[in-house]
Amino acid sequence: MAIAFQSATDKWVKCLSGTGTIRAVAVSATEISNHLADRHNLTPTGRKALAEAIVAGLILSSYCKSGEKVNLNIQSSGWSHQTIIDANSTGEVRGYVLERAPADIQLARNIGPWGIGLLSVLRTKHDDAQPYIGTVPLLTGHLAKDLTFYWLQSEQVNSAVGIEVFMENDRITIAEGFLIQAMPGATEADISLIEEHLKKLHHFDSSSEIRSTPTRLLSYLLENQSFQLLEEQPLSLKCPCSLDRVKRSLTLIGVEELESMLAENKDFEIDCDFCSETYVFSPVMLGELLREMK
Ligand SMILES: [Zn+2]
């Protein structure tokens, strides 16, 4: 296994309102975002994009059933060509950002940094059940807003989503987010109360007390409502890549290509896209692989 990094501080916290009509999750993923961004050697912009996408992926996976996982795929005209995040119901995440050169980014006025494009969410179940894919257009270029549209469009659920990433000296100081959803039976009053809080949230800066933990953020968002904490899940980076898996993918490029690699008589390095682990193949290893294939 290439990476397995358990954060001591990052987690998601889920709760349900006393009336049972509103559910919410708050995610804090600062440490794992920095750790993965370091491994991928991203620019400050790439770090910010990765952190936003990690928070989004974890929000999506937090409501997965046991054994399910999600794959968030963002193809866009803004700060990344493509961003992929895998996350599962136990808070494990991995992913990458293919950055676009700043000179190549041309966004229309009022469009957020992600630009326009497509946002897809693939949900895979543990058993052999058919995976479910939901795709919506990226319209605003703001991930949280476009995700709100995703829940409405794909799952017909009224939601409020927030994602905030703060940077200081090219490091992520806060990567957090939340999802609040109206369950069947929620009243207009429930929903408008939350909307009022959301508006106020933007007036707080990164040093605000309410941002210090996911539980505090939830208390703030659901102020004046009794709510019950349902789950606190520590988060980790985990990539299941291995030398064997890379070997298997190498066999797909075919005997001819491998033979020409072998003819160069040098080491080849292959990096895992998801975690940047490097696997080195010596001429001896390539020779063995070829013998196995023939
Ligand atoms: Zn990997």
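Ligands are counted one by one from 1 in listed order, and the atoms in each one are counted from 1 as well.
The side chain to side chain donor-acceptor pair (under 3.5 Å) test with R47 is passed by exactly one of D170, N34, N41: N34.
Ring geometry for H35 against F5 counts as parallel: the plane angle stays under 30°, on a 0 to 90° scale with 60° as the upper cut.
Salt bridge R171/D38: present, at least one basic N to carboxylate O contact under 4.0 Å.
Within a 6.0 Å sphere centred on NZ of K14, heavy atoms belonging to other residues, nucleotides or ligands number more than 12.
Residues T9 and T30 form no side-chain contact, since every pair of their non-hydrogen atoms from C-beta on lies 4.5 Å or further apart.
Taking the ring-ring contact (aromatic ring centres under 6.0 Å, His included) definition, one finds that H81 meets it with nothing, sequence neighbours left out.
For the Zn ion (ligand 1), the tally of protein N/O/S atoms lying closer than 2.8 Å stands at 4.
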